[in-house]
> 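Can you keep this structure in mind? I'll have questions shortly.
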Protein chains: 2
Amino acid sequence: MTVTIKDIAKVAGVSYSTVSKALNDSPLVKEMTKRKILRTAKEMGYEPNLAAKQLVRKKTEVIGLIWPTIERIVLATLVTNISKAFEETPYSMILSVDTHETAMDTFKKFQVDGMIVFEETNSTAITQENIPIVAYGVSGNAEPSYPIIDANHEDSMHQAVGYLHKLGHEKIAYVGHIDTEDTLQLEKVEGYQNAMEQHGLDKETLTIDTAGLDWFDGYTAVEKVLSSKNKPTAVIGGSYDISNGILRALQEKDFQIPEEISLISYDNIPQMETTEIPMTCIGVPVQILAEEIVHAIIKRIETDEETAQVHKLFPTLTERHTCGPAPAH
Amino acid sequence: MTVTIKDIAKVAGVSYSTVSKALNDSPLVKEMTKRKILRTAKEMGYEPNLAAKQLVRKKTEVIGLIWPTIERIVLATLVTNISKAFEETPYSMILSVDTHETAMDTFKKFQVDGMIVFEETNSTAITQENIPIVAYGVSGNAEPSYPIIDANHEDSMHQAVGYLHKLGHEKIAYVGHIDTEDTLQLEKVEGYQNAMEQHGLDKETLTIDTAGLDWFDGYTAVEKVLSSKNKPTAVIGGSYDISNGILRALQEKDFQIPEEISLISYDNIPQMETTEIPMTCIGVPVQILAEEIVHAIIKRIETDEETAQVHKLFPTLTERHTCGPAPAH
DNA sequence: CATAAAAATAACAACGTTGTTATAAAATAT
DNA sequence: ATATTTTATAACAACGTTGTTATTTTTATG
């Protein structure tokens, strides 16, 4: 027997409509009775019935997040952070691990107020629903019909290169997945190469392909890095996983970090703090990314402006213990 | 303007209660009118309102799955499979990535019909809700108040050892995370050791600790495996990730697989098919695991028997290309 | 051809809320 | 003291379904 506002009304000796107002903190009910009602509601263990509310309000205050195919830790962290960010708002979040279509159906069934979509490299034509959508990543899309939140990868690389250069490094390698269709990866490499050029540094021999995005790919790439005739004094790892691989390999080869070689990782997630050596990193902090996404979808829902545009967030460089001045040679 | 049963009624020229019955395929309405109603409903693009249904039915036909802290690919695959398994049923699944408590609150708010909980090593006392629960994994709990679905790890190892032994292997190593509090891992090692004993094989020098569960841990452990004076001809990898690491390391050292060394991996997920060399593996196929979990929660919901018990599922050995007869020595 | 029985449909009260309108009580002005 | 405004509470109609009961229509029966 769940307790309803009618039950509360009986106990508190008022009408159920008054209870409803009291629970919604309406100014139409006297402060004293409001308090009394709230108290008895609590005592009786009242839990509002979402379905009933939804039926009249037409709002669910629920956002659906379409979780892409199983992904790397960075995305998982982002999901967690988004979920947390929603806790500050009246909205809750539910997840679906299905395909875009099935997930959309489920979410429509639930009548979610909005959806967050993690775009895959090739954005499957998101059927033009009349439901607010915000996408994360892949801003290649020229004329999106919904806002896209993305990180400014170009700027990340500029900051990373600039930072290392200021520390005296001239041979700065980029180790990441290069030979790919993946726009995200390509943007990073391009950013790196542009930055190197601007700083008047040689990039040709220092762009190293991991041919993959896993830890292991970073690990094995270190061989290539070290065998290069143009041995770098600093390395930019293309992702959290890759950088972890690099770090391990470097450690195993007894390199002093950061004395002998500096390492900076792309991605800015809390886990960077707890790597073997806490890693200096560059990227939009997930927390900010999450907040921005949450903010965007809520704005999209609550105002009906058609603000379909790409938001490029600026990264921040977080200094930890894997970068130091270039070794004297 | 969403279309309701009343709208359909008007168009079809019947009462809305008849429409309701027709849509629910009730025998109380004539076949002909039923067809007509169904047709107009479709034409008008009718979508039932879950909230309204829920309000009167008291059932949501939704299951909440509490997604544990960021996990390995095997668990992610399980989640995907569970989601798929629900597609065959009237139920849908939603996910929460929050802590047990917050997730439970969200799910209660949605009035889910049941919950699936991935138990963590130390099952946080799942507050005794009056909502059906089914847990996956960790059957250490002596007197659970809800069914627990788990794999029979002991038997997995028996099968693996038996299989390899039959192929002529006598030096069979187990490479996994051993020195841990993790019950799951411990059960695997114990299973291996018991099996070895039963087969009269030496296990002492062949139980190798990876000290971790990552790809890399398997990769590095191979050194230990090879440096052992008692070099094994077959290796049982403790998990998908670990086995992948082992496989890579073995490949890099130019071992012929399975001619020179056999490898069998714990876990039975489709991804085993697409490793560098398709891997022979032992474990309860995720699909079956998923189906069993889905079945258990639905049964729990639909019958009110108090069947709180541990279900240990039996593993199957899937032969692929990493195991072969022991090399003649 | 009435009449009872069966079959098909319609009417209506739930479900637990919210929001609007009506009424009662209290406060203020005349 | 009475009329008038203000404030507080109560009543009630939605919302879109389902399930039960009431009514109509059809079919079978004597």
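Worth saying up front: this structure is predicted, and the values here are computed from it rather than measured. Throughout, a chain's letter reflects where its sequence line sits, starting with A, and its residues are numbered from 1. Worth knowing before you read on, the calculation uses all heavy atoms, side chains too, and leaves out hydrogens, waters and symmetry mates.
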> Out of D:dT17, C:dT17, D:dT9, which has the shortest distance to the side chain of B:Lys53?
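Selected nucleotide: D:dT17.
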
> Taking atom P of D:dG16 as reference, at what distance in whole Å does atom CG of B:Leu50 sit?
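After rounding, the reported distance stands at 14 Å.
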
> I want to verify a distance call: between D:dT18, C:dA11, C:dT17, whose nearest atom is closest to the A:Thr4 side chain?
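Looking only at side-chain atoms, A:Thr4 lies closest to C:dT17.
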
> Heavy atoms from C-beta onward define the side chain here; which of C:dT9, D:dT18, C:dG16 lies closest to that of B:Leu55?
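Taking heavy atoms from C-beta onward, the closest nucleotide is C:dG16.
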
> For A:Ser15 and A:Thr18, does a side-chain donor sit closer than 3.5 Å to a side-chain acceptor?
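A:Thr18 and A:Ser15 do have a side-chain donor-acceptor pair below 3.5 Å.
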
> Between C:dT18, C:dA13, C:dG16, which nucleotide gets closest to the side-chain atoms of A:Asn49?
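Minimum distance to the A:Asn49 side chain belongs to C:dG16.
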
> Using the closest heavy atom to pick a nucleotide of DNA chain C for each, name whichever of B:Ala52 or B:Thr18 lands nearer the 5' end.
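The residue closer to the strand's 5' end, by nearest nucleotide, is B:Thr18.
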
> When you measure from the side chain of A:Lys30, which nucleotide among C:dG19, D:dG19, D:dA8 comes out closest?
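Closest nucleotide to the A:Lys30 side chain: D:dA8.
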
> If you check every side-chain atom of B:Asn24, which of D:dT18, C:dT17, C:dG19 has the closest atom?
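It is D:dT18.
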
> Record whether the side chain of B:Ser15 comes under 3.5 Å of the base of C:dA11 through a donor-acceptor pair of N or O atoms.
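When only heavy-atom distances are counted, B:Ser15 does not reach the base of C:dA11 through any donor-acceptor pair under 3.5 Å.
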
> What is the distance, to the nearest angstrom, from the CG atom on A:Leu23 to the P atom on C:dT17?
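Whole-Å distance recorded here is 9 Å.
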
> Are side-chain heavy atoms of A:Met104 and A:Glu101 found at a separation under 4.5 Å?
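Heavy-atom side-chain distance check fails, nothing below 4.5 Å.
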
> May I ask you to evaluate whether A:Tyr46 reaches the phosphate of C:dT17, defined as a side-chain N or O under 4.0 Å from OP1 or OP2?
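Checking C:dT17 against A:Tyr46, a side-chain N or O does come within under 4.0 Å of OP1 or OP2.
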
> Rounded to the Å, how far apart are B:Lys59 NZ and D:dT17 P?
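Interatomic distance, NZ of B:Lys59 to P of D:dT17: 20 Å.
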
> So which nucleotide from C:dG19, D:dG16, C:dT18 ends up closest to the side chain of A:Lys58?
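Nearest nucleotide to the side chain: D:dG16.
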
> Rounded to whole angstrom units, what separation is found between the CG atom of A:Leu28 and the P atom of C:dA24?
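Value for this atom pair: 18 Å.
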
> Between B:Glu31 (CD) and C:dT9 (P), how many Å, whole number?
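B:Glu31 atom CD is separated from C:dT9 atom P by 11 Å.
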
> Would you name the heavy atoms of A:His100 and A:Phe118 that are closest together and state the gap between them?
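Scanning both residues completely, I find the closest heavy atoms to be NE2-O, 4.0 Å.
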
